[in-house]
Enquirer: 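Below you'll find the structure I mean.
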Amino acid sequence: MGVFMNEKDKFYAPIDKQQDCLAGMRPLGRKEDLDLLPQPVATFQTTSTVSTPICELHGQSSRREQAMKGLSYEGRKRTEGALKKSAQWFNLYFQQTPLAVIEWDTDSRVVDWNPSAETIFGYRKAEALGRSAMELILPESAKQHVAEIWNALLTGQGKFGSINENITKDGKTVFCEWYNTPLIDDSGQVIGVASLAQDVTGRKTAEQRLQFLSYFDELTGLPNRALFTDRLSQATVDAHRHGRLVGVMLMDMDHFKIVNDALGHEAGNLLLQAVAARLKHCLREVDTVARFGDDEFAVILADISNAEDVVQVAQKILEAFKNPFEVSDRELFITLSIGIALYPFDDGDIQSLLRDAGSAMYRAKELGRDNFQFYSAEMTARVEKHIALEVGLRHALERGQFLLYYQPQVDLATGKIIGMEALIRWQHPERGVVSPADFIPVAEESGLIIPIGEWVLRTACAQAKAWQDQGLANLVIAVNLSALQFKQGQLVQQVMAVLEETGLAPQCLELEITESLLIDGADSAAVSTLEALKKLGVTLAMDDFGTGYSSLSYLKRFPIDKLKIDQSFIRGVSSDPDDASLVRAIIAIARSLRLTVIAEGVETEGHLNYLRRHDCDSMQGYYFSRPLPADEFAALVGSGKTLSLAEEQAGSPPTLLLVDDDPLVLEAMEFQLRCENYRILTAGSAAEGLELLALNEVQVVLSDQRMPELSGIEFIYKVRGIYPNITCIVMSADADLETLTDAINCGEIFKFLPKPWNSELLRKYIRDAFRLAMKRRKG
């Protein structure tokens, strides 16, 4: 709001009153002075020497003189003083008002131009005088509109207010709110126009932004749910009228949360923008792609003739997403799970179509992601089951349906129990025990993981302290933390409160966090949070190490005490060279950084032996014990049970593994080596050979080349990948010399022995192989 202001009397007038004042030229001043003046309407006049509007009353000066004649000398003086003061105040207003005050002649040329006009439009008064508005401050797009207003003003039709785009001296576009009034002389002729202008660019920009955000997504610029729904409604009306179909796609980015957690929200936003652009590129102009929020997008395929058209578009989208996205100097591969509903075949109303497409999308996720599925009634039942699970989860905590199981953690040097991991279970009144794999994702999506995680922490610490009070060993209890718990900002205070409440010593608590959580917070509060937890005295373990974006820099930067090898690697450690290599690498990394290592998911003696051979510190898994309820765990610890650890006896003979699918060959080789001081194992297949290697410390392997499952060279490559210190010999009657040469040159095969073999050469090769194996073992 603009104002006239008498600094002495603090008398204000709003912008519309200011406009009236300019039109009628009734000056605003002190009321007692203005009461002495006649009240007829006044008009602007200008002279060649005065550049500001002046006020002249209708009826010429004689009327003023006549009014003055009736006054006493003192009254005349007061009236003249009031007139002078009013003129002064008006001039102050003209100079100081934040509104642009401009007087134009009938050709729209500037006659007067106040300081605020200079500020708003950038032209000094000397630059503006005599110039036309059309060339001075009007963009081409506004000239026709202003010309129409101007013609109406010149005919004396009244005042006009409008908001127009204007151009400043430096070429910048601004929005101004204008009030324009014709100036009329005593004869009734329009002699010019008076204008008030206010810069409302900020307000106009805010209005436009608000309008945009009402219908579009701020991040991607795509339509939002409101605009999408409106367009879908129109598309279904058109399809009904013309007998066509409408395809509705609901799609979700697979594993976007992992990327967002690992690389941070800025990279996540860049990825979302890139995904939006690629989706638009896959569609026609008549189609609509919208963002519903987070990583969920929706598509309207309008005016289609059959379902095959939708299939082609879905295949085109999935194919387009096989190419990587370049985000923050990284290549990211993102897939989509797409659910499809068709109008009018599926439910007809808008919300039902979206619900059906959502059901189909969840089905696509269940089937492995990176695919599309059409809606069926079965999908709705699955979604309803998911919703029911979330509703039940909300009541589970307050109704005491959660309980904790405890899985022992065992030292691989002594075989003794050194700790336990607390694992949550849900005892559902109707469904029985619900697997964490089923309800933990739902808890994380709904945010319920925060109160559930706090319950787990408090319950586990209280149980550990109770066992200590009962005389059991001071075991370390490990508790998993979710990303939401870590990011809520109250974790340190919460841990402190639980330890104080339960009386558990900090060194008896281990908190397990995922590496993706650390990567997201590498430059944020994560560092300070971990350091604060470390100062409390608790142990920090990185869970599932190797499954995410593992980085040595994070291990160096964060105060981590322990690495936990994921069970997916342990499962294949004695049969898959890649898993074995990863396990060895993780242990080596931990050793170099002075971290301890624990392996989870240890289920066989082969797993155990492999971990012990490579100096893993501890383990947990079904090989020793499944997770147990509190009373059974206490009984297990009280029994003094330990892990049976087979020790290699000093002076035991070196071990040789012979692998051949012909039992007669195996028998013959054993006979010829009977005089050697070897412990000999035999296997009739590659699979049997791998099992024996897992259970025994073997230094030399001799394998036949021609075997049904794997060739001898393929078997040796796998053996060397899992046990790099073993020395290998291949024997064959008709070997591929080029393949054998390559294997020998890269160091996988020590020697090649032809069939039928020479007994002396056989014994010599094996003796040399044991010497090499011993040398490798010593490093």
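In this text the structure is predicted, and so the values were computed from the model without any measurement.
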Enquirer: Using a 4.5 Å cut-off on heavy atoms from C-beta on, say whether the side chain of Glu688 contacts that of Leu657.
Expert: no
Enquirer: So, for Lys365 and Asp254, which heavy atoms are closest and what is the spacing to 0.1 Å?
Expert: NZ-OD1, 3.3 Å
Enquirer: Take Phe633 and Tyr405, measure what ring pair (Phe, Tyr, Trp, His ring centres under 6.0 Å) needs, and give me the verdict at the end.
Expert: CA-CA 8 Å; Phe633 181 84; Tyr405 278 45; over 10 Å; no
Enquirer: Between Ile477 and Gln463, is there a side-chain heavy-atom distance shorter than 4.5 Å?
Expert: no
Enquirer: Check whether more than 12 heavy atoms from other residues, nucleotides or ligands sit under 6.0 Å from atom CZ of Arg458, and answer yes or no.
Expert: yes
Enquirer: Going through the distances and angles, do Asn696 and Arg679 end up as a side chain to side chain donor-acceptor pair (under 3.5 Å)?
Expert: CA-CA 11 Å; Asn696 298 272; Arg679 176 181 173 228; 2.6 Å; yes
Enquirer: Please examine the side chains of Leu393 and Phe402, heavy atoms only from C-beta on, and report whether any two atoms are closer than 4.5 Å.
Expert: yes
Enquirer: Which residues satisfy the ring-ring contact (aromatic ring centres under 6.0 Å, His included) test with Phe321, sequence neighbours excluded?
Expert: Phe325
Enquirer: Could you give the side-chain donor-acceptor pairs of residues 586-599 under 3.5 Å, partners two or more places apart or in another chain?
Expert:
{"from": "Arg591", "atom 1": "NH1", "to": "Asp617", "atom 2": "OD2", "distance (Å)": "3.3"}
{"from": "Arg591", "atom 1": "NH2", "to": "Asp615", "atom 2": "O", "distance (Å)": "2.4"}
{"from": "Arg591", "atom 1": "NH2", "to": "Asp617", "atom 2": "OD1", "distance (Å)": "3.0"}
{"from": "Arg591", "atom 1": "NH2", "to": "Asp617", "atom 2": "OD2", "distance (Å)": "3.3"}
{"from": "Ser592", "atom 1": "OG", "to": "Ala588", "atom 2": "O", "distance (Å)": "3.4"}
{"from": "Ser592", "atom 1": "OG", "to": "Ile589", "atom 2": "O", "distance (Å)": "2.7"}
{"from": "Thr596", "atom 1": "OG1", "to": "Asp561", "atom 2": "O", "distance (Å)": "3.4"}

Enquirer: Below 4.5 Å, heavy atoms only, C-beta onward: do Asn260 and Asp295 meet side chain to side chain?
Expert: no
Enquirer: Side-chain contact, heavy-atom cut-off 4.5 Å: Ile726 with Leu693?
Expert: yes
Enquirer: Do Trp467 and Leu475 come close enough that some side-chain heavy atom pair is under 4.5 Å?
Expert: no
Enquirer: Going by side-chain contact (heavy atoms from CB on, under 4.5 Å), name the residues that satisfy it together with Glu512, two or more places apart in sequence or in a different chain.
Expert: Gln409, Glu421, Ala478, Asn480, Glu510, Ala541, Asp543, Lys564
Enquirer: Would you check if there is a donor-acceptor pair between the side chains of Asp252 and Ser337 at a distance under 3.5 Å?
Expert: no
Enquirer: Assess whether a salt bridge exists between Asp768 and Lys751, defined as any Lys/Arg side-chain N lying under 4.0 Å from an Asp/Glu carboxylate O.
Expert: no
Enquirer: Can you measure from CD1 (Ile713) to CE (Met707) and round to the nearest 0.5 angstrom?
Expert: 10.5 Å
Enquirer: Is it true that atom CG of Asn323 has more than 12 heavy atoms of other residues, nucleotides or ligands lying nearer than 6.0 Å?
Expert: yes
Enquirer: With a 4.0 Å cut-off on N to O distance, would you call Arg626 and Glu632 a salt bridge?
Expert: yes
Enquirer: Counting neighbours of CD on Glu266 that are heavy atoms of other residues, nucleotides or ligands and sit closer than 6.0 Å, is the number greater than 12?
Expert: no
Enquirer: So, do Pro654 and Met774 sit near enough that their side-chain heavy atoms are less than 4.5 Å apart?
Expert: no
Enquirer: Could you check whether Glu366 pairs with Arg363 (Lys NZ or Arg NE/NH1/NH2 to Asp/Glu carboxylate O, under 4.0 Å)?
Expert: yes
Enquirer: Side chains of Ile440 and Ile452: closer than 4.5 Å at any heavy-atom pair?
Expert: no
Enquirer: What distance separates Leu645 CG from Leu608 CG, expressed to the nearest 0.5 Å?
Expert: 6.5 Å
Enquirer: Would Tyr610 and Arg584 count as a side chain to side chain donor-acceptor pair (under 3.5 Å) here? Give the steps.
Expert: CA-CA 10 Å; Tyr610 192 88; Arg584 292 198 306 272; 2.8 Å; yes
